[in-house]
Amino acid sequence: MGKRTVIPFGPQHPVLPEPIHLDLVLEDEKVVEAIPQIGYIHRGLEKLVEKRDFKQYTYVAERICGICSFMHGMGYCMAVEGIMEIEVPERGKFLRTIWAEVSRIHSHLLWLGLTADAFGFESLFMHSWRLREEVLDLFEQTTGGRVIFSVCDIGGVRKDIDAEMLNTMVSVLTRMEKELRDLTDVFLNDMSVKHRTVGVGVLSKEKAQETGAVGPMARASGISVDMRTLGYAAYKHLQFEPITAEAGDSYARMEVRIGEVYQAIELIRQCVELIPEGDVITKIKGNPNGEHFIRLEQPRGEVIYYVKANGTSFLDRFRVRTPTFANVPALLETLKDCDLADVPILILTIDPCISCTER
Amino acid sequence: MNFNKKSPWILHYDGSSCNGCDIGVLACLTPLYDVERFGVINTGNPRHADILLLTGSLNAQNIPVVQQIYDQMPEPKVVAAIGICATSGGIFAECYNVVGGVDKVLPVDVYVPGCAARPQAIIDGVVKALSILDEKQNALKGR
Amino acid sequence: MYSMEEQKIIKISPDEILAETVDLKNAGYRLVAISCVNKDGIELSYSFDKDYDFVHLRVNMDYDTEIESVSCFYQYAFLYENEIKELFGVKIKNITVDFNDNLYRISVKTPFNMKEEE
């Protein structure tokens with residue numbers, strides 16, 4: 001047994017795009033314990049509901065995080081719609097689903113790139129992000145924004161996508177799928193990638209349950225939980241199964257996310273086939289009064305929105321519990337007993353979004 | 001001959017941004033925008049950096065971090081505030097845990113607007129920062 | 001009609017929280033989130049899930065009531081409870097890992113506490 005050393009990790013660290021601080025307690029090269037310190041990005045945006053009315057707040061909700069911005073806006077809108085009992089037109093629901101799935105592709109490609117960067121495979125990082133730019137172009141063509149779209153509104157969506165553009169999306173994604181195969185082949189079969197991921201940071205099914213893991217983190221440990229099966233938006237019309245893996249290591253988490261990229265492309269195809277004609281938004285009247293919980297499946301996992309309204313245009317409370325917040329205990333679990341050199345990869349395999357976590 | 005201008009190294013720190021601008025900064029380095037063709041390299045070490053790109057607004061907790069990073073950078077150095085949050089706090093300016101833009105603590109040389117800032121705008125900001133870096137270098141020589 | 005998830009909110013009193021939580025835990029539920037509203041008293045919602053069955057335990061109490069932590073059953077509840085303690089000033093006792101109001105280390109004390117603003 002060696003001497004115990006504490007190594008501070010972060011907030012500014014080459015591998016971290018966002019600041020988080022961990023005190024790593026080491027015994028020689030093994031991490032014994034990791035103590036998180038968060039709060040570098042805490043803004044307190046939940047309290048902004050007192051200064052922005054519930055319609056304006058849609059734009060604040062989108063800015064909880066610049067990666068899943070669309071889904072944050074959508075979740076907030078769905079919670080308010082739940083209170084006001086507004087039924088979104090079918091076409092609006094399908095468009096939401098399409099944008100949500102495109103977001104998933106963009107988020108997972110981003111994550112694949114950052115992970116490749118973390119294990120030092122620079123060209124893989126570049127290729128993932130090159131493909132991601134094509135996805136962002138789809139966003140820009142359909143919404144006008146690259147990162148923040150402001151298309152989701154209470155009652156539906158503010159922009160329609162015409163049939164021609166929908167077909168273009170499908171053909172772009174179909175072409176991309178071929179390139180993606182080349183890319184993900186490397187992720188899944190390359191010896192050096194496997195060397196860094198297989199058997200690293202194993203989270204057993206029991207531990208995943210015990211730590212309350214969600215999303216790909218839980219699915220990679222064999223827990224088949226995917227909020228999309230609840231059938232919100234247009235998911236009830238679509239055919240899909242949650243993607244799971246059994247091993248629970250970093251490789252399995254990568255496998256699940258790669259599977260979800262292809263799944264998302266397939267879901268978009270189904271949406272484009274099934275999308276009905278019609279309005280995309282219903283007009284809303286009055287102010288919300290009541291409360292509502294909403295759950296969605298974000299690229300990082302299950303997210304909870306809670307809105308409590310009092311009948312005025314200002315809400316009493318908006319709460320969001322983001323997937324990374326739920327995955328932090330699982331991260332601390334996987335960090336126990338790992339090598340110091342694997343810490344960056346383990347932090348990345350939960351797909352951390354600190355700005356979501358701290359809000 | 002001014003070498004800094006030929007190959008500036010940048011350091012990126014996320015204040016309390018929503019990730020939108022951070023990913024914009026990172027996207028600048030990837031094949032579509034590829035600032036590395038201009039010799040710009042993203043470094044993780046403040047001691048190596050010429051240009052500090054800050055995204056997101058400041059709060060009580062990250063002010064010492066930002067200050068320390070800035071102090072560790074060698075002269076001459078330039079600070080660019082990326083995105084509206086780093087400029088003024090933006091949509092979050094009224095939040096209780098937001099102090100304001102980066103210029104509350106550091107001397108900002110370039111402001112890049114946008115929510116989120118587009119990679120083109122960020123590159124433009126870096127190019128503007130280069131000429132300021134040049135001026136600062138010349139001033140140092142003259143001293 | 002609106003076709004979203006049913007909202008199952010079960011009202012309980014502050015001293016029932018441990019008993020109710022352990023029942024849900026034994027039934028195989030997972031703790032999804034703990035939320036707090038601080039307006040005209042404190043309102044805590046403990047959300048649980050099992051096979052997509054989404055249940056909330058609702059506790060209403062006044063500012064001075066102390067509530068037991070559920071982190072003895074759900075270890076990971078410590079993050080939620082520390083957050084609520086720090087941001088809302090709710091009195092939660094016996095949290096397994098207590099950050100003592102230093103989770104976010106914000107510059108304002110209990111910003112969501114409406115009582116002090118009055």
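Lettering of chains follows the sequences in order, A, B, ..., and the numbering in each one begins at 1.
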| Just checking heavy atoms, which of residues 113-122 of chain B are less than 4.5 Å from chain A? | B:Cys115, B:Ala116, B:Arg118, B:Pro119

| Proximal component of A:Ile64, with respect to chain B [non-hydrogen, under 4.5 Å] | backbone

| Proximity breakdown for B:Leu11 and chain A, heavy-atom pairs closer than 4.5 Å | side chain

| Summary of salt bridge (charged side-chain N to carboxylate O under 4.0 Å, His left out) pairs that have at least one residue in residues 84-112 of chain B, sequence neighbours excluded | A:Arg52-B:Glu94, B:Asp109-B:Lys136

| said: For A:Leu136, which atoms come within 4.5 Å of any heavy atom of chain B: side chain, backbone, both, or neither? | reply: neither

| query | For the candidates B:Gly15, B:Gly89, B:Pro46, B:Gly56, which exhibits the highest count of non-hydrogen atom pairs separated by less than 4.5 Å from chain A? | reply | B:Gly15

| request: Please round to the nearest 0.5 Å and tell me the distance separating atom CD1 of B:Ile91 and atom CD of A:Glu62. | output: 9.0 Å

| query | Just wondering, do A:Val147 and B:Ile23 contact through their side chains at under 4.5 Å, heavy atoms? | reply | no

| said: Just to be sure I understand the criterion: a residue of residues 122-133 of chain A counts if one of its heavy atoms is under 4.5 Å from a heavy atom of chain B. Which ones qualify? | reply: A:Phe125, A:Met126, A:Trp129, A:Arg130, A:Arg132, A:Glu133

| remark: Residue from B:Asp34, B:Val98, B:Asn59, B:Ile69 scoring the most non-hydrogen pairs under 4.5 Å with chain A is B:Asn59

| Among the listed options B:Leu26, B:Asp22, B:Asn45, the residue most often paired with chain A at heavy-atom distances under 4.5 Å | B:Leu26

| Atom OG of B:Ser17 and atom CZ of A:Arg63: how far apart are they, to the nearest 0.5 Å? | 11.5 Å

| field | Check: A:Val60 and B:Phe92 side chains under 4.5 Å, non-hydrogen atoms | value | yes

| request: Check whether any side-chain N or O of B:Asn62 sits under 3.5 Å from a backbone N or O of A:Ile41 as a donor-acceptor pair, and report yes or no. | output: no

| message | For the OG atom of B:Ser16 and the CD1 atom of A:Ile354, what is their distance to the nearest 0.5 Å? | response | 13.0 Å

| request: Indicate yes or no for a side-chain donor-acceptor contact from B:Asn19 to the backbone of A:Ile67 under 3.5 Å, with no hydrogens or angles considered. | output: no

| note | Turns out that what part of B:Thr55 lies under 4.5 Å from chain A's heavy atoms comes down to neither

| remark: In this structure, OG1 of B:Thr30 is separated from CG of A:Leu110 (nearest 0.5 Å) by 10.0 Å

| task | List in chain and number order the residues that pass salt bridge (charged side-chain N to carboxylate O under 4.0 Å, His left out) with A:Lys51, two or more places apart in sequence or in another chain; answer none if no residue qualifies. | result | none

| query | Looking at B:Pro31, B:Gly90, B:Gly44, B:Cys85, which has the largest count of heavy-atom pairs under 4.5 Å with chain A? | reply | B:Pro31

| message | If I take atom CG from residue B:Asn97 and atom CD from residue A:Glu358, how far apart are they, to the nearest 0.5 angstrom? | response | 9.5 Å

| request: Among the options A:Gly145, A:Gly44, A:Cys356, pick out the one with the most heavy-atom pairs lying under 4.5 Å from chain B. | output: A:Gly44

